[in-house]
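Have a look at the structure below before the remarks.
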Amino acid sequence: MIVISLALILVAVVLLVFGLAGGSSPLLVVSIGASLLAAVALVAGARQAAGRATVPGGTPGGQARRDGDGREPSIPTQQTSVDVDTGDAGWRQPPGSPVTEPRERFRVADGYDDEPAAEEITAEQAARVARLADEVRVVDGRPRYHLAECPHLVGREHEPLPVAEAVELGFTPCAHCTPDTVLLAEIERR
């Protein structure tokens with residue numbers, strides 16, 4: 001492309017000289033057109049050269065590596081393990097929240113008929129609980145966090161999680177076992 005642009009520049013200069021010398025407007029217009037084509041060819045050649053220089057996995061000749069079927073390899077994507085949404089440990093996330101760190105392995109969802117209500121607490125209490133490192137229990141896919149002895153956990157797989165992390169992930173306290181009230185009372189007794 002660069003060779004083509006140089007040839008077009010040469011043609012444009014020659015047409016410009018003849019157009020000016022002979023007073024021919026059509027030669028001047030063609031000279032301008034050739035100059036524009038030269039600029040386009042030069043930009044295209046520069047982009048091609050830059051692309052060859054930065055192709056990851058390229059060959060020494062500047063060609064991109066190709067898969068067996070002749071296509072360029074696709075961008076690798078995160079592979080999801082088969083344990084997603086099966087209750088096993090894996091990456092989970094609350095709805096509407098993007099995964100930002102691998103520790104966000106829990107997905108929180110509402111809408112279960114057998115789910116206990118959320119414990120009613122003040123904003124001040126919620127802020128204090130969000131700073132605690134005490135452990136609570138969560139059930140993947142359920143919106144509440146519980147104390148270890150909560151009857152709601154019976155027969156369900158549950159996992160320990162620091163209460164601050166549970167709050168950060170979008171879990172809310174269970175109204176049945178009242179983990180926030182119990183944890184705050186334990187803090188006051190210490």
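Residue indices begin at 1 and follow the sequence shown. All values derive from a computational prediction rather than experimental measurement.
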Value rounded to 0.5 Å, distance of CG in Leu183 from CG in Leu132: 6.0 Å
Nearest-0.5 Å distance that lies between atom CZ in Arg156 and atom CG in Asp114: 4.5 Å
Transitive ILVMFWY cluster of Ile121, excluding itself - 4.5 Å side-chain cut-off: none
Side-chain (Gln125) to main-chain (Thr122) donor-acceptor, under 3.5 angstrom: yes
Those residues that, when tested against Ala118, pass side chain to side chain contact (heavy atoms under 4.5 Å, CB included) (two or more places apart): Arg144, Thr172
Full working for side chain to side chain contact (heavy atoms under 4.5 Å, CB included) between Val138 and Glu165: CA-CA 11 Å; Val138 296; Glu165 187 173 344; over 6 Å; no
Min side-chain heavy-atom separation Pro160-Arg137 under 4.5 Å: yes
Stepwise side chain to side chain contact (heavy atoms under 4.5 Å, CB included) test for Arg142 and Glu115: CA-CA 8 Å; Arg142 302 294 183 113; Glu115 190 68 30; 3.0 Å; yes
Show me the side-chain donor-acceptor pairs of residues 14-38 shorter than 3.5 Å, one per line, residues at least two apart or across chains.
{"unit_1": "Ser31", "atom_1": "OG", "unit_2": "Ala12", "atom_2": "O", "d": "2.8"}
{"unit_1": "Ser35", "atom_1": "OG", "unit_2": "Ser31", "atom_2": "O", "d": "3.0"}

Counterpart residues, ring pair (Phe, Tyr, Trp, His ring centres under 6.0 Å), relative to His158 (two or more places apart): none
Val43: hydrophobic cluster co-members (side-chain, 4.5 Å): none
Test log, rule side chain to side chain contact (heavy atoms under 4.5 Å, CB included), inputs Glu149 and Cys177: CA-CA 8 Å; Glu149 61 274 0; Cys177 64; over 6 Å; no
Considering all heavy atoms, the nearest Ala166-Val136 contact: CB-CG2, 4.1 Å
For Pro173 against Asp180, the heavy-atom pair lying closest together: CG-OD2, 3.3 Å
For Arg128, all residues meeting side chain to side chain donor-acceptor pair (under 3.5 Å), sequence neighbours excluded: none
For Glu186, all residues meeting side chain to side chain donor-acceptor pair (under 3.5 Å), sequence neighbours excluded: none
Inter- and intrachain pairs under ring-ring contact (aromatic ring centres under 6.0 Å, His included), touching residues 120-147, at least two apart: His146-His152
Glu119 (side chain) donor-acceptor with Thr181 (main chain) under 3.5 angstrom: yes
